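Both backbone and side-chain heavy atoms feed into the values below; hydrogens, waters and symmetry mates do not. These numbers come from a predicted model, not from an experiment.
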Amino acid sequence: AGIFYIILFAALIQSVAFSQSLRSLVNDGVEKYNEKKFTDSEISFRKGAEKDPNSFDAVFNLGDSYFKQEKYDDAIKYYQQALSKTQDKELKAETHYNIGNALLKSRKLKESIESYKNSLKLNPNDRDAKYNLSYALKLLQNEQNQNQNKDKNQDKNQDKNKDQNKDDQNKQENKDKQNKEQQQQPPPKMSKEEAQKLLDALREDEQEKQKKLMQLRARGKKLEKDW
């Protein structure tokens, strides 16, 4: 009986020490969090979560530390884990609310809207959740309107380009038609005086070419050795 009592007493001491260690880690994390030392608080909360994976406080607060560091994917991961660590409706509602905030920061609007709705199902009187839900819905509506306007502008530009291509094609066809008509037209008639001037100019040009050709031949003449 004495041995059994000692074992129980030792187990009780270990349990108390374990609880105090977890509480100490969580409290230390909270202090650092309040001092805005979010990286340090993350370390304390992670140690607490490793010591007791079922601790809602350690896991939830670890998500908060990641959120403050703008590591939203990590924050969502631990918030979701925290949901399974409690059956308290208010704590679950708060967790869904924080998930919504992290999703909103990540511009995942549809997902954030669902999280805020889940929060309000558990706590319909949460004014912050109502406001953030309304804000997320407004952002989503604006985004959808912008996408619709963008699609309309793209369609207009495509129609404009089609019209422009059609105009260019018509212009080219008209130009080709004009060139063809000009080619088919007979050359303008020339007076005798104009014809004689043209002949004289061609004769002078031919004589000048012959003169230059003779000069070229003279320069290119092969020189013989004088023995």
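- Listed here is the closest heavy atom pair of K51 and S21: CE-OG, 3.2 Å.
- The distance from atom CG of L133 to atom CG of N118, rounded to the nearest 0.5 Å, is 10.5 Å.
- The distance from the CD atom of Q146 to the NZ atom of K150 is 10.0 Å, given to the nearest 0.5 Å.
- Between the CG atom of L25 and the NZ atom of K47 there is a distance of 7.0 Å, given to the nearest 0.5 Å.
- Applying the side chain to side chain contact (heavy atoms under 4.5 Å, CB included) test to S44 and every residue at least two apart in sequence or in another chain returns D28, K32.
- Every residue two or more places apart in sequence or in another chain that forms a side chain to side chain contact (heavy atoms under 4.5 Å, CB included) with Q80 is listed here: I76, I99.
- For S41, the side-chain hydrogen bond (donor to acceptor under 3.5 Å, both in side chains) criterion is met by S65, not counting sequence neighbours.
- In this structure, the salt bridge (Lys or Arg N to Asp or Glu O under 4.0 Å) partners of K37, at least two apart in sequence or on a different chain, are E35.
- Side chains of N101 and Y116: a donor on one and an acceptor on the other come within 3.5 Å.
- Every pair passing salt bridge (Lys or Arg N to Asp or Glu O under 4.0 Å) that includes a residue from residues 93-109 is listed here, sequence neighbours excluded: D73-K108.
- In this structure, the side chain of S106 engages the main chain of A102 through a donor-acceptor pair within 3.5 Å.
- For the atom pair OG1 of T86 and NZ of K92, the computed distance is 6.5 Å after rounding to the nearest 0.5 Å.
- Closest approach of A58 to A49, counting heavy atoms only: CB-N, 3.6 Å.
- We find the OH-CG distance between Y72 and D74 to be 12.0 Å, quoted to the nearest 0.5 Å.
- No more than 12 heavy atoms of other residues, nucleotides or ligands sit less than 6.0 Å from atom OH of Y135.
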Contacts table for residues 122-131: side-chain donor-acceptor under 3.5 angstrom, sequence neighbours left out:
{"residue": "D126", "atom": "OD1", "partner": "D128", "partner atom": "N", "Å": "3.0"}
{"residue": "D126", "atom": "OD1", "partner": "A129", "partner atom": "N", "Å": "3.2"}
{"residue": "K130", "atom": "NZ", "partner": "P124", "partner atom": "O", "Å": "3.3"}

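- Sorted by first and then second residue, the salt bridge (Lys or Arg N to Asp or Glu O under 4.0 Å) pairs involving residues 57-71 (not counting sequence neighbours) form an empty list.
- Under a 3.5 Å cut-off, the side chain of S84 and the backbone N or O of Q81 do form a donor-acceptor pair.
- In this structure, F45 and V30 have side chains that are in contact, with non-hydrogen atoms separated by less than 4.5 Å.
- Residues forming a side chain to side chain contact (heavy atoms under 4.5 Å, CB included) with E90 (at least two apart in sequence, or on another chain): D88.
- Taking the side chain to side chain contact (heavy atoms under 4.5 Å, CB included) definition, one finds that L140 meets it with L109, K110, I113, E143, Q144, sequence neighbours left out.
- The line from CG of N132 to CG of L103 is 12.0 Å long, rounded to the nearest 0.5 Å.
- Clustering ILVMFWY residues whenever any of their side-chain heavy atoms sit less than 4.5 angstrom apart, transitively, puts L62 in a cluster other than the one holding L83.
- Transitive grouping of hydrophobic side chains (ILVMFWY, heavy atoms separated by less than 4.5 Å) keeps L104 and F67 in distinct clusters.
- Every residue meeting the side-chain hydrogen bond (donor to acceptor under 3.5 Å, both in side chains) condition with Y66, not counting sequence neighbours, appears here in chain and number order: E42.
- Scanning for side-chain hydrogen bond (donor to acceptor under 3.5 Å, both in side chains) contacts around Q141 gives N145, with sequence neighbours left out.
- Residues passing the ring pair (Phe, Tyr, Trp, His ring centres under 6.0 Å) test with F60, sequence neighbours excluded: F56, Y79.
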